[in-house]
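Written out below as C-alpha coordinates is the structure these notes cover.
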Amino acid sequence: MPDVQPLVSDFVLKLKRRKVEGSHAVARQTAELLRSVVSQHRMGSSANQAAALADAVRAVGEQLISANPIELAVGNIVRRVLHIIKEEDISSTAVGIEGLSVTVDSDDEYDSEHDDRPALSAAVLAAHARNALRAPSLQTLLEDIPVSPAISGTASSTGDSDGKSKSGDKSSTRKLKHDVIAAIGDLIDEIDSCYEPISEQAVELIHQNEVILTLGRSRTVKEFLYAAKEKKRSFRVFVAEGAPRYQGHVLAKELVEKGVQTTVITDSAVFAMISRVNMVIIGAHAIMANGGVIAPVGMNMVALAAQRHAVPFVVVAGSHKVSCLTRRLIYRVA
(Lines give C-alpha, C1' and ligand atoms only; values in the text may rest on other atoms or scores of the structure.)
Protein backbone atom coordinates (compact mmCIF):
# COMPACT_ATOMS: atom_id res chain seq x y z
CA MET A 1 0.00 0.00 0.00
CA PRO A 2 2.49 2.63 -1.09
CA ASP A 3 -0.19 5.34 -1.46
CA VAL A 4 -1.61 4.85 2.02
CA GLN A 5 1.57 4.38 4.01
CA PRO A 6 2.32 8.14 4.31
CA LEU A 7 -1.18 8.67 5.70
CA VAL A 8 -0.68 5.83 8.17
CA SER A 9 2.70 7.15 9.29
CA ASP A 10 1.30 10.66 9.73
CA PHE A 11 -1.63 9.45 11.83
CA VAL A 12 0.64 7.21 13.92
CA LEU A 13 2.82 10.24 14.66
CA LYS A 14 -0.24 12.26 15.68
CA LEU A 15 -1.34 9.50 18.04
CA LYS A 16 2.10 9.23 19.62
CA ARG A 17 2.30 12.97 20.20
CA ARG A 18 -1.33 13.21 21.39
CA LYS A 19 -2.17 15.76 18.72
CA VAL A 20 -5.64 14.30 18.20
CA GLU A 21 -7.80 14.89 21.27
CA GLY A 22 -11.15 13.36 22.02
CA SER A 23 -12.55 9.94 21.28
CA HIS A 24 -14.86 11.31 18.61
CA ALA A 25 -12.05 12.86 16.56
CA VAL A 26 -9.84 9.80 16.99
CA ALA A 27 -12.62 7.40 15.99
CA ARG A 28 -13.58 9.43 12.92
CA GLN A 29 -10.03 9.84 11.64
CA THR A 30 -9.33 6.15 12.24
CA ALA A 31 -12.39 5.15 10.22
CA GLU A 32 -11.44 7.52 7.41
CA LEU A 33 -7.91 6.13 7.32
CA LEU A 34 -9.12 2.54 7.21
CA ARG A 35 -11.51 3.43 4.42
CA SER A 36 -8.52 4.75 2.47
CA VAL A 37 -6.65 1.52 3.24
CA VAL A 38 -9.51 -0.56 1.87
CA SER A 39 -9.90 1.71 -1.17
CA GLN A 40 -6.21 1.53 -2.09
CA HIS A 41 -5.81 -2.17 -1.34
CA ARG A 42 -5.06 -4.21 -4.45
CA MET A 43 -7.21 -7.29 -4.55
CA GLY A 44 -5.00 -10.11 -5.82
CA SER A 45 -5.85 -13.47 -7.27
CA SER A 46 -5.99 -15.41 -4.00
CA ALA A 47 -8.99 -17.58 -3.25
CA ASN A 48 -10.23 -15.59 -0.26
CA GLN A 49 -10.06 -11.85 -0.85
CA ALA A 50 -11.82 -11.05 2.43
CA ALA A 51 -9.00 -12.62 4.45
CA ALA A 52 -6.37 -10.66 2.48
CA LEU A 53 -8.31 -7.44 2.99
CA ALA A 54 -8.70 -8.16 6.70
CA ASP A 55 -4.96 -8.82 7.00
CA ALA A 56 -4.22 -5.43 5.47
CA VAL A 57 -6.61 -3.66 7.85
CA ARG A 58 -5.30 -5.65 10.80
CA ALA A 59 -1.68 -4.71 10.00
CA VAL A 60 -2.53 -1.01 9.92
CA GLY A 61 -4.69 -1.34 13.03
CA GLU A 62 -1.86 -2.88 15.03
CA GLN A 63 0.36 0.08 14.16
CA LEU A 64 -2.29 2.55 15.28
CA ILE A 65 -3.04 0.72 18.53
CA SER A 66 0.63 0.41 19.47
CA ALA A 67 1.10 4.15 18.82
CA ASN A 68 -1.29 5.03 21.67
CA PRO A 69 -2.71 2.01 23.54
CA ILE A 70 -4.67 4.21 25.95
CA GLU A 71 -6.79 5.66 23.13
CA LEU A 72 -9.28 2.79 23.01
CA ALA A 73 -11.38 4.33 20.24
CA VAL A 74 -8.70 3.28 17.73
CA GLY A 75 -8.99 -0.41 18.59
CA ASN A 76 -12.78 -0.16 18.69
CA ILE A 77 -12.96 1.19 15.14
CA VAL A 78 -10.41 -1.32 13.84
CA ARG A 79 -12.51 -4.16 15.24
CA ARG A 80 -15.67 -2.65 13.77
CA VAL A 81 -14.07 -2.50 10.31
CA LEU A 82 -12.85 -6.09 10.61
CA HIS A 83 -16.37 -7.07 11.62
CA ILE A 84 -17.71 -5.27 8.54
CA ILE A 85 -15.35 -7.24 6.30
CA LYS A 86 -16.45 -10.48 7.94
CA GLU A 87 -20.14 -9.62 7.53
CA GLU A 88 -19.77 -8.65 3.88
CA ASP A 89 -17.83 -11.86 3.20
CA ILE A 90 -20.54 -13.96 4.84
CA SER A 91 -23.22 -12.06 2.91
CA SER A 92 -21.52 -12.63 -0.45
CA THR A 93 -20.94 -16.28 0.44
CA ALA A 94 -24.62 -16.72 1.30
CA VAL A 95 -25.62 -15.18 -2.03
CA GLY A 96 -23.29 -17.58 -3.83
CA ILE A 97 -24.76 -20.57 -2.02
CA GLU A 98 -28.30 -19.73 -3.15
CA GLY A 99 -27.56 -20.86 -6.70
CA LEU A 100 -25.90 -24.12 -5.73
CA SER A 101 -27.45 -27.55 -5.36
CA VAL A 102 -26.58 -30.21 -2.81
CA THR A 103 -25.17 -33.50 -4.09
CA VAL A 104 -25.46 -36.90 -2.43
CA ASP A 105 -23.90 -40.22 -3.32
CA SER A 106 -26.12 -41.90 -5.91
CA ASP A 107 -25.83 -44.38 -8.75
CA ASP A 108 -28.21 -42.36 -10.88
CA GLU A 109 -26.18 -40.28 -13.34
CA TYR A 110 -29.15 -38.55 -14.87
CA ASP A 111 -29.27 -35.67 -12.40
CA SER A 112 -25.61 -34.85 -12.72
CA GLU A 113 -25.79 -34.88 -16.52
CA HIS A 114 -28.84 -32.67 -16.88
CA ASP A 115 -28.44 -30.26 -13.98
CA ASP A 116 -26.61 -27.17 -15.21
CA ARG A 117 -26.22 -25.64 -11.73
CA PRO A 118 -22.92 -26.19 -9.93
CA ALA A 119 -23.19 -28.68 -7.11
CA LEU A 120 -21.75 -28.63 -3.61
CA SER A 121 -21.66 -31.36 -1.04
CA ALA A 122 -23.81 -31.16 2.05
CA ALA A 123 -20.68 -30.88 4.21
CA VAL A 124 -19.55 -27.72 2.41
CA LEU A 125 -22.98 -26.11 2.74
CA ALA A 126 -23.11 -27.04 6.41
CA ALA A 127 -19.72 -25.42 6.98
CA HIS A 128 -20.93 -22.21 5.33
CA ALA A 129 -24.09 -22.28 7.41
CA ARG A 130 -22.09 -22.64 10.62
CA ASN A 131 -19.88 -19.69 9.67
CA ALA A 132 -22.93 -17.59 8.87
CA LEU A 133 -24.73 -18.44 12.10
CA ARG A 134 -21.71 -18.20 14.42
CA ALA A 135 -21.99 -15.21 16.73
CA PRO A 136 -19.23 -12.66 15.98
CA SER A 137 -16.76 -11.70 18.71
CA LEU A 138 -15.20 -8.25 18.54
CA GLN A 139 -12.59 -9.31 21.06
CA THR A 140 -11.03 -11.88 18.71
CA LEU A 141 -11.28 -9.97 15.46
CA LEU A 142 -7.77 -8.58 15.74
CA GLU A 143 -6.38 -12.06 16.29
CA ASP A 144 -7.93 -13.91 13.36
CA ILE A 145 -10.78 -13.86 10.87
CA PRO A 146 -12.47 -17.05 9.68
CA VAL A 147 -11.52 -18.02 6.16
CA SER A 148 -14.50 -19.34 4.28
CA PRO A 149 -14.04 -21.69 1.33
CA ALA A 150 -14.17 -20.01 -2.03
CA ILE A 151 -17.49 -20.60 -3.72
CA SER A 152 -16.21 -19.53 -7.08
CA GLY A 153 -13.33 -22.01 -7.01
CA THR A 154 -15.63 -24.91 -6.14
CA ALA A 155 -18.14 -23.91 -8.73
CA SER A 156 -15.54 -23.61 -11.46
CA SER A 157 -14.22 -27.11 -10.73
CA THR A 158 -17.62 -28.56 -11.52
CA GLY A 159 -17.42 -27.72 -15.18
CA ASP A 160 -17.57 -23.96 -15.65
CA SER A 161 -15.07 -22.41 -17.99
CA ASP A 162 -12.01 -20.61 -16.65
CA GLY A 163 -13.07 -17.38 -18.29
CA LYS A 164 -16.42 -17.33 -16.55
CA SER A 165 -14.90 -18.16 -13.16
CA LYS A 166 -12.28 -15.42 -13.47
CA SER A 167 -14.87 -12.83 -14.49
CA GLY A 168 -17.08 -13.94 -11.64
CA ASP A 169 -14.20 -13.67 -9.18
CA LYS A 170 -13.37 -10.16 -10.35
CA SER A 171 -16.97 -9.01 -10.12
CA SER A 172 -17.41 -10.52 -6.65
CA THR A 173 -14.10 -8.96 -5.55
CA ARG A 174 -15.17 -5.53 -6.75
CA LYS A 175 -18.53 -5.93 -5.05
CA LEU A 176 -16.90 -6.97 -1.76
CA LYS A 177 -14.57 -3.98 -1.82
CA HIS A 178 -17.38 -1.59 -2.76
CA ASP A 179 -19.67 -2.92 -0.04
CA VAL A 180 -16.95 -2.64 2.62
CA ILE A 181 -16.19 0.96 1.63
CA ALA A 182 -19.90 1.82 1.74
CA ALA A 183 -20.28 0.18 5.16
CA ILE A 184 -17.30 2.12 6.54
CA GLY A 185 -18.95 5.28 5.23
CA ASP A 186 -22.06 4.35 7.20
CA LEU A 187 -19.84 3.84 10.25
CA ILE A 188 -18.42 7.36 9.86
CA ASP A 189 -21.96 8.74 9.62
CA GLU A 190 -22.84 6.81 12.77
CA ILE A 191 -19.89 8.36 14.61
CA ASP A 192 -20.87 11.87 13.49
CA SER A 193 -24.51 11.44 14.47
CA CYS A 194 -23.95 9.58 17.75
CA TYR A 195 -25.18 12.56 19.78
CA GLU A 196 -28.67 12.57 18.27
CA PRO A 197 -29.99 9.19 19.53
CA ILE A 198 -28.45 9.87 22.96
CA SER A 199 -30.05 13.32 23.18
CA GLU A 200 -33.47 11.88 22.32
CA GLN A 201 -33.51 10.15 25.71
CA ALA A 202 -32.92 13.38 27.64
CA VAL A 203 -36.62 14.07 28.10
CA GLU A 204 -37.17 10.64 29.67
CA LEU A 205 -34.36 11.06 32.20
CA ILE A 206 -34.45 14.76 33.05
CA HIS A 207 -37.63 15.95 34.72
CA GLN A 208 -38.92 19.35 35.72
CA ASN A 209 -37.00 21.34 38.37
CA GLU A 210 -34.26 18.76 38.81
CA VAL A 211 -30.73 19.51 39.97
CA ILE A 212 -27.98 17.84 37.93
CA LEU A 213 -24.29 17.45 38.66
CA THR A 214 -21.60 16.93 36.04
CA LEU A 215 -17.82 17.13 35.88
CA GLY A 216 -15.41 18.40 33.25
CA ARG A 217 -16.42 19.07 29.67
CA SER A 218 -18.15 16.47 27.53
CA ARG A 219 -19.82 17.24 24.22
CA THR A 220 -22.18 14.31 24.71
CA VAL A 221 -23.32 15.69 28.07
CA LYS A 222 -23.64 19.17 26.57
CA GLU A 223 -25.84 17.96 23.70
CA PHE A 224 -27.83 15.87 26.18
CA LEU A 225 -28.57 18.93 28.32
CA TYR A 226 -29.27 21.07 25.26
CA ALA A 227 -31.92 18.60 24.13
CA ALA A 228 -33.64 18.71 27.52
CA LYS A 229 -33.61 22.51 27.45
CA GLU A 230 -35.14 22.57 23.97
CA LYS A 231 -37.98 20.37 25.27
CA LYS A 232 -38.85 23.10 27.79
CA ARG A 233 -37.38 21.26 30.75
CA SER A 234 -36.46 23.57 33.61
CA PHE A 235 -33.44 22.32 35.57
CA ARG A 236 -30.26 23.49 37.23
CA VAL A 237 -26.74 22.21 36.66
CA PHE A 238 -23.77 22.12 39.03
CA VAL A 239 -20.52 21.76 37.10
CA ALA A 240 -17.39 20.62 38.94
CA GLU A 241 -14.46 22.53 37.50
CA GLY A 242 -12.37 19.42 36.80
CA ALA A 243 -8.87 20.41 37.88
CA PRO A 244 -6.15 20.58 36.65
CA ARG A 245 -7.49 21.39 33.16
CA TYR A 246 -10.59 23.22 34.46
CA GLN A 247 -12.74 22.17 31.54
CA GLY A 248 -15.81 22.66 33.71
CA HIS A 249 -15.53 26.43 33.30
CA VAL A 250 -15.77 26.04 29.53
CA LEU A 251 -18.84 23.80 29.78
CA ALA A 252 -20.50 26.20 32.22
CA LYS A 253 -20.09 29.11 29.79
CA GLU A 254 -21.56 27.06 26.95
CA LEU A 255 -24.56 26.05 29.06
CA VAL A 256 -25.20 29.61 30.20
CA GLU A 257 -25.23 30.76 26.58
CA LYS A 258 -28.10 28.33 25.99
CA GLY A 259 -30.04 29.64 28.96
CA VAL A 260 -29.34 26.75 31.36
CA GLN A 261 -29.00 27.71 35.03
CA THR A 262 -25.42 26.70 35.77
CA THR A 263 -23.17 26.98 38.80
CA VAL A 264 -19.46 26.11 38.85
CA ILE A 265 -18.22 24.41 42.01
CA THR A 266 -14.80 23.24 43.09
CA ASP A 267 -14.00 19.55 42.96
CA SER A 268 -13.67 19.45 46.75
CA ALA A 269 -17.28 20.68 47.11
CA VAL A 270 -18.81 17.70 45.34
CA PHE A 271 -19.44 15.75 48.54
CA ALA A 272 -21.07 18.79 50.15
CA MET A 273 -23.38 19.43 47.17
CA ILE A 274 -24.32 15.85 46.32
CA SER A 275 -27.19 15.78 48.83
CA ARG A 276 -28.94 18.53 46.85
CA VAL A 277 -28.54 16.73 43.52
CA ASN A 278 -31.20 14.56 41.86
CA MET A 279 -28.94 13.03 39.20
CA VAL A 280 -25.31 12.84 38.09
CA ILE A 281 -24.71 12.91 34.32
CA ILE A 282 -21.18 12.48 33.04
CA GLY A 283 -19.39 11.60 29.84
CA ALA A 284 -16.74 8.91 29.46
CA HIS A 285 -13.53 8.38 27.54
CA ALA A 286 -14.30 4.65 27.20
CA ILE A 287 -16.69 2.03 28.57
CA MET A 288 -15.06 -1.31 29.32
CA ALA A 289 -16.46 -4.81 28.88
CA ASN A 290 -16.66 -5.41 32.63
CA GLY A 291 -18.72 -2.26 33.21
CA GLY A 292 -15.78 -0.05 34.16
CA VAL A 293 -15.58 3.50 32.88
CA ILE A 294 -12.48 5.45 31.93
CA ALA A 295 -13.31 9.07 32.70
CA PRO A 296 -11.57 12.36 33.58
CA VAL A 297 -9.71 12.88 36.83
CA GLY A 298 -12.03 13.22 39.82
CA MET A 299 -14.83 11.02 38.48
CA ASN A 300 -14.18 8.32 41.07
CA MET A 301 -14.85 10.83 43.84
CA VAL A 302 -18.13 11.86 42.21
CA ALA A 303 -19.18 8.22 41.81
CA LEU A 304 -18.45 7.44 45.47
CA ALA A 305 -20.41 10.50 46.60
CA ALA A 306 -23.38 9.51 44.42
CA GLN A 307 -23.26 5.96 45.77
CA ARG A 308 -23.15 7.18 49.35
CA HIS A 309 -26.26 9.35 48.90
CA ALA A 310 -28.08 6.96 46.50
CA VAL A 311 -28.09 9.47 43.65
CA PRO A 312 -28.67 8.07 40.11
CA PHE A 313 -25.42 8.01 38.13
CA VAL A 314 -25.86 8.24 34.34
CA VAL A 315 -23.04 7.78 31.82
CA VAL A 316 -23.69 9.00 28.27
CA ALA A 317 -21.34 7.86 25.49
CA GLY A 318 -21.41 6.88 21.84
CA SER A 319 -21.04 3.31 20.61
CA HIS A 320 -17.50 4.02 19.36
CA LYS A 321 -16.44 4.33 23.02
CA VAL A 322 -17.66 0.85 23.99
CA SER A 323 -14.62 -1.43 24.22
CA CYS A 324 -14.39 -5.20 24.47
CA LEU A 325 -11.33 -4.91 26.74
CA THR A 326 -11.21 -4.76 30.52
CA ARG A 327 -9.42 -2.39 32.82
CA ARG A 328 -6.92 -5.08 33.75
CA LEU A 329 -5.79 -5.32 30.13
CA ILE A 330 -5.51 -1.56 29.90
CA TYR A 331 -3.27 -1.41 32.94
CA ARG A 332 -1.02 -4.05 31.36
CA VAL A 333 -0.75 -2.13 28.12
CA ALA A 334 -0.07 1.13 29.92
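As a basis for the values below, the full set of heavy atoms in this structure was taken, side chains included, without hydrogen atoms, waters or symmetry mates.
A search for side chain to side chain contact (heavy atoms under 4.5 Å, CB included) contacts involving E257 returns nothing, not counting sequence neighbours. The side chain to side chain donor-acceptor pair (under 3.5 Å) check on R236 picks up T263, with sequence neighbours excluded. Every residue two or more places apart in sequence or in another chain was checked for a salt bridge (charged side-chain N to carboxylate O under 4.0 Å, His left out) with K177, and none qualifies.
Taking the six-membered ring wherever Trp is involved, the centroid distance between the rings of H207 and F235 does not fall below 6.0 Å.
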Would you give me the side-chain donor-acceptor pairs under 3.5 Å for residues 223-231, sequence neighbours excluded?
unit_1, atom_1, unit_2, atom_2, d
Y226, OH, E254, O, 3.1
K229, NZ, G259, O, 3.2

Please tabulate, for side-chain N and O atoms in residues 178-189, each donor-acceptor pair with protein atoms closer than 3.5 Å (sequence neighbours left out).
unit_1, atom_1, unit_2, atom_2, d
D179, OD2, K175, NZ, 2.8

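Taking a cutoff of 4.0 Å between a charged side-chain nitrogen and a carboxylate oxygen, K14 and E21 do not qualify as a salt bridge. Classification of D89 and K86 as a salt-bridged pair fails, no side-chain N sitting under 4.0 Å from a carboxylate O.
Heavy atoms of other residues, nucleotides or ligands lying less than 6.0 angstrom from CD of E196 number 12 at most.
The CD atom of E62 sits 7.5 Å away from the CD1 atom of I65 when rounded to the nearest 0.5 Å.
M299 and V237 end up in different hydrophobic clusters when Ile, Leu, Val, Met, Phe, Trp and Tyr side chains are linked at under 4.5 Å.
Of the N and O atoms on the side chains of T266 and E241, not one donor lies less than 3.5 Å from an acceptor on the other residue.
Pairs passing the side chain to side chain donor-acceptor pair (under 3.5 Å) check and including a residue from residues 292-312, sequence neighbours excluded, do not occur.
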